[in-house]
*Asks:* 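Quick one: the structure is below, and I'll ask about it shortly.
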Amino acid sequence: MVIETQGLTKRYGRVVAVEGLELRIEVGEVYGLLGPNGSGKTTTILMLLGLTEPSAGQVRVLGLDPVREPLSLKRQVGYLPDSVGFYGEMTAWENLSYIARLNGLPPALAKARMERVLERMGLAEVAHRPVGAFSRGMRQRLGLAEVLLKEPKVVILDEPTLGLDPEAAQEFLKMIQSLKSEGITVLLSSHLLHQVQAICDRVGLFHKGKLVLEGRVEELAQRVLGGAYRIRLEATPLNGLAERLQALPEVSRVQAEGQGLRLEATQDIRPQVAKAVLEAGAALQSLVLEQPSLDEVYARYFQEVRHAA
Amino acid sequence: MQRSSAPRRREGSPWTGLWAVFFKEMADHLSSTRMRILEVLILLSAVGAVYAGAQTLRQTISEDPFLLLRVFTAAQDPLPSFVAFLSFFLPLAAIALGFDAINGEYSRNTLSRILAQPIYRDALLWGKFLAGLATIALILLALFLLVVGLSLIFLGVPPSSEEVARALLFLLATLAYTGVWLGIALVTSVLFRSAATSALAAIAVWLFFALFWGIIAQLLAQAVAPFDPFNPESELRQTEALLAFSRLSPNTLYAEAIQALLNPGVRSLGPVLISQLEGALLGSPLPLGQSFLLAWPQLTGLIALTIGLFAVAYVLFQRREVRA
Ligand SMILES: Nc1ncnc2c1ncn2[C@@H]1O[C@H](COP(=O)(O)OP(=O)(O)O)[C@@H](O)[C@H]1O
Ligand SMILES: [Mg+2]
């Protein structure tokens, strides 16, 4: 177990930021700490790093207590804060070299590592420019370069895609995913559930300081959305197709949507759907199995909770 | 941040990373625009003060065993003496170097990144404080050499070894005095999130001691020990009370310390202003060791004040959340 918490709680006066958190993260996992703004993700991360003291409960990261053994912990854990800032008048190289010195890396080793991580993050060309002129995306990559500088066993990223355009966000998420192949355990937080769900092995959904749902994305979808497979298809002509598809035993619902139809089914029945469309004499233009969206899982879960209450 | 009441032993040394912080901050200071401005100010004022001092001296004293020390304390209207200039300028320089030490890290969003490295907050605070102090020491040393060099040119008399020793002790006292202002700037930089507010607050403290403390000390002394025209002792008691109150100000402590160090004729310390330093020799000169002993309580007072202020900044900073 790389990260383990028991009854972890943080109170700010009367505000309970995190309550009774039980977290268990295994070696080499990519774990997503997801939830809306103000649900306690950042507070949890700060407690894992010993940057804020828990009000109650236990934390172990790599078997270390963040309050008692912060130095050995922070030597092995990389952290990218949600609003990452650098010394604007210093170059990327100088910023990294300061961090290398704070980590006590010998100069020769630091130089080799800095060259490597800057290259890897695609910043080698701009290494000697002042960071003040960097775009948000470049700063974020410089932040990840800095995290990799200490060759961490665990990487903790707070809202890593915040403020990035969709393309840059996807690219950045790919870089994060590539850490997994090196055996690095990744914990990332985000309020953009759909954006990060693809790279997470497991996710934990936060609501008002509590971890309400946890598991693999498909598992959660199964549990909350009732095991529905969503299939989208486009075909011409559409008339009469809905009734035909509704007749398939696995299909529970058919909905018209734009130029096509949206089915909910208990199984992945794309072959049967294709067959039915062709038999109806229509031309099939597209047929996709939609990934269940975590946003939907989240929304549906709270609908149900509210209904139950 | 709430602190757990359980006793906690922290692993490793609180100084881990101290030198990394120190050298980074030092490099920042030395290359900053602030420093350029300070350098220009220093150069102009040192030349002006020494020139004025030398002019006065050439007219009045020709055979003085403490010529260099006279250069430090002699003034010619409208220019102030060198020490008067220093006691005015150095607090501002210290504030300029320290007012954004901690809140600057918040506003640049660098604090959480730095504290996620394997160092304690102690190292960050100490590193910044020592870098500020070292920068001031560097300025002072440059200034000292400048003044000695210029005096040689203008007066043509090399300083004696006792003069150099006194001058160096004077530098030490000045450093302690500057440390107090650096401490004040550090405290305001932890207290206020906005750098402008922090600078303003530190300058307000400076103005308070420079302009108002004298008056307040007087009022307090009058309240504590009222003057009674029929009791000759009451006047003495009031003077003593005034002395005690005015010594709560770092400015008084500094003025008294350098008075003892730079003026070998001074045999006891009273509530004397720097302007009163600019005079002729009173009585026979004290040996260096005696002058140093005379200044000792004031020196330790300044150092204790610096340490106290640093401790306040430390406690405040330890309780701060890393999040802006
Ligand atoms: N320093 C603080 N003082 C008081 N309340 C705070 C402080 N920091 C965070 N909170 C509160 O704690 C809750 C959780 O915040 P946070 O962990 O930042 O959420 P998230 O990262 O999920 O957006 C919020 O309600 C926030 O207002
Ligand atoms: Mg957050």
Side-chain angles (χ1 to χ4, degrees), chain A residues 10-13 17 42-43 45-56 64-90 94-95 97-105 110 131-132 139 142-143 146-147 149-150 152 156 158, chain B residues 1-35 100-101 103-124 127-128 131 317-324:
Chain A
K10 177 71 187 183
R11 282 181 290 267
Y12 291 107
T42 300
T43 308
I45 287 175
L46 293 180
M47 285 191 287
L48 293 180
L49 288 159
L51 293 180
T52 192
E53 263 180 85
S55 308
L64 300 165
D65 178 347
V67 177
R68 293 231 161 67
E69 299 148 300
L71 297 191
S72 350
L73 187 148
K74 291 193 274 189
R75 252 188 277 280
Q76 306 174 63
V77 179
Y79 169 50
L80 183 64
D82 52 355
S83 43
V84 60
F86 292 91
Y87 302 107
E89 65 290 345
M90 284 162 61
E94 288 164 345
N95 268 288
S97 126
Y98 181 35
I99 297 300
R101 270 178 281 130
L102 286 177
N103 276 279
L105 297 182
V131 179
R139 275 164 212 258
L142 183 57
E146 177 199 300
V147 162
L149 198 60
K150 48 179 143 180
I156 298 180
D158 200 354
Chain B
M1 181 165 61
Q2 289 119 344
R3 306 184 61 93
S4 59
S5 52
R8 37 180 228 158
R9 244 174 306 117
R10 298 190 304 184
E11 71 158 342
S13 153
W15 313 124
T16 318
L18 171 69
W19 294 114
V21 175
F22 175 83
F23 285 117
K24 185 254 174 197
E25 292 295 325
M26 189 84 184
D28 274 4
H29 285 326
L30 294 182
S31 63
S32 67
T33 318
R34 271 175 234 183
M35 196 63 188
D100 65 347
N103 51 22
E105 300 283 343
Y106 276 104
S107 63
R108 283 177 290 189
N109 281 323
T110 44
L111 188 67
S112 48
R113 214 165 48 78
I114 298 303
L115 292 181
Q117 307 312 321
I119 61 163
Y120 285 111
R121 293 183 188 204
D122 311 40
L124 190 66
K128 280 177 179 276
F317 184 45
Q318 291 290 338
R319 289 160 169 267
R320 264 281 132 86
E321 285 285 330
V322 292
R323 253 185 295 192

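Naming: A, B, ... by sequence-line order, numbering from 1 per chain.
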*Asks:* Under 3.5 Å, side chain of B:R113 to main-chain N/O of A:P81, donor-acceptor pair present?
*Replies:*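 Looks like no, no N/O pair under 3.5 Å.
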*Asks:* Given the options A:E146, A:R75, A:K150, A:E94, which has more heavy-atom pairs under 4.5 Å with chain B than any of the others?
*Replies:*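 The option with the most such pairs is A:E146.
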*Asks:* At their closest point, which heavy atom of A:L71 faces which heavy atom of B:T16, and how far apart are they?
*Replies:*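 So the two residues come closest at CD1-OG1, 3.8 Å.
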*Asks:* Roughly how far apart are A:L102 CG and B:K24 NZ, rounded to 0.5 Å?
*Replies:*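 Those atoms lie 9.5 Å apart.
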*Asks:* Of the backbone (N, CA, C, O) and the side chain (C-beta and beyond), which part of B:S32 lies under 4.5 Å from a heavy atom of chain A, both, or neither?
*Replies:*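 Neither the backbone nor the side chain of B:S32 comes within 4.5 Å of chain A.
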*Asks:* Minimum heavy-atom separation for A:Y79 to B:A116, with atom names?
*Replies:*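 For A:Y79 versus B:A116, the nearest heavy atoms are CD2-CB, 3.6 Å.
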*Asks:* So which heavy atom on B:A20 is nearest to which on A:Y98, and how close?
*Replies:*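 It is O-CE1, 3.6 Å.
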*Asks:* Give, as side chain, backbone, both or neither, the part of A:L46 having an atom under 4.5 angstrom from any heavy atom of chain B.
*Replies:*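 The side chain, not the backbone.
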*Asks:* Looking only at side chains, do B:R323 and A:T52 share a donor and an acceptor under 3.5 Å apart?
*Replies:*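 Judged by distance alone, the side chains do not pair up.
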*Asks:* Contact part of A:S72 toward chain B, heavy-atom cut-off under 4.5 Å: side chain, backbone, both or neither?
*Replies:*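 Both parts, heavy atoms under 4.5 Å.
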*Asks:* Excluding sequence neighbours, so at least two apart, what forms side-chain contact (heavy atoms from CB on, under 4.5 Å) with B:R108?
*Replies:*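 By the side-chain contact (heavy atoms from CB on, under 4.5 Å) rule, B:R108 matches A:Y87, A:E89, B:E105, B:T110.
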*Asks:* Quick check for you: to the nearest 0.5 Å, what is the distance between B:Q117 atom CD and A:K74 atom NZ?
*Replies:*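 The CD atom of B:Q117 sits 8.5 Å away from the NZ atom of A:K74.
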*Asks:* Return the option, out of A:I99, A:L49, A:D82, with the maximum number of heavy-atom pairs under 4.5 Å with chain B.
*Replies:*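 Highest number of pairs under 4.5 Å: A:I99.
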*Asks:* Restricting to side-chain contact (heavy atoms from CB on, under 4.5 Å), what partner residues turn up for B:S31, sequence neighbours left out?
*Replies:*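 B:S31: no side-chain contact (heavy atoms from CB on, under 4.5 Å) contacts found.
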*Asks:* Please classify the contact of A:D65 with chain B as side chain, backbone, both or neither, using a heavy-atom distance under 4.5 Å.
*Replies:*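 Looking at A:D65, nothing touches chain B.
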*Asks:* What distance do A:R101 atom CZ and B:F22 atom CZ have between them, rounded to the nearest 0.5 Å?
*Replies:*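 Answer for the CZ-CZ pair, A:R101 versus B:F22, is 12.5 Å.
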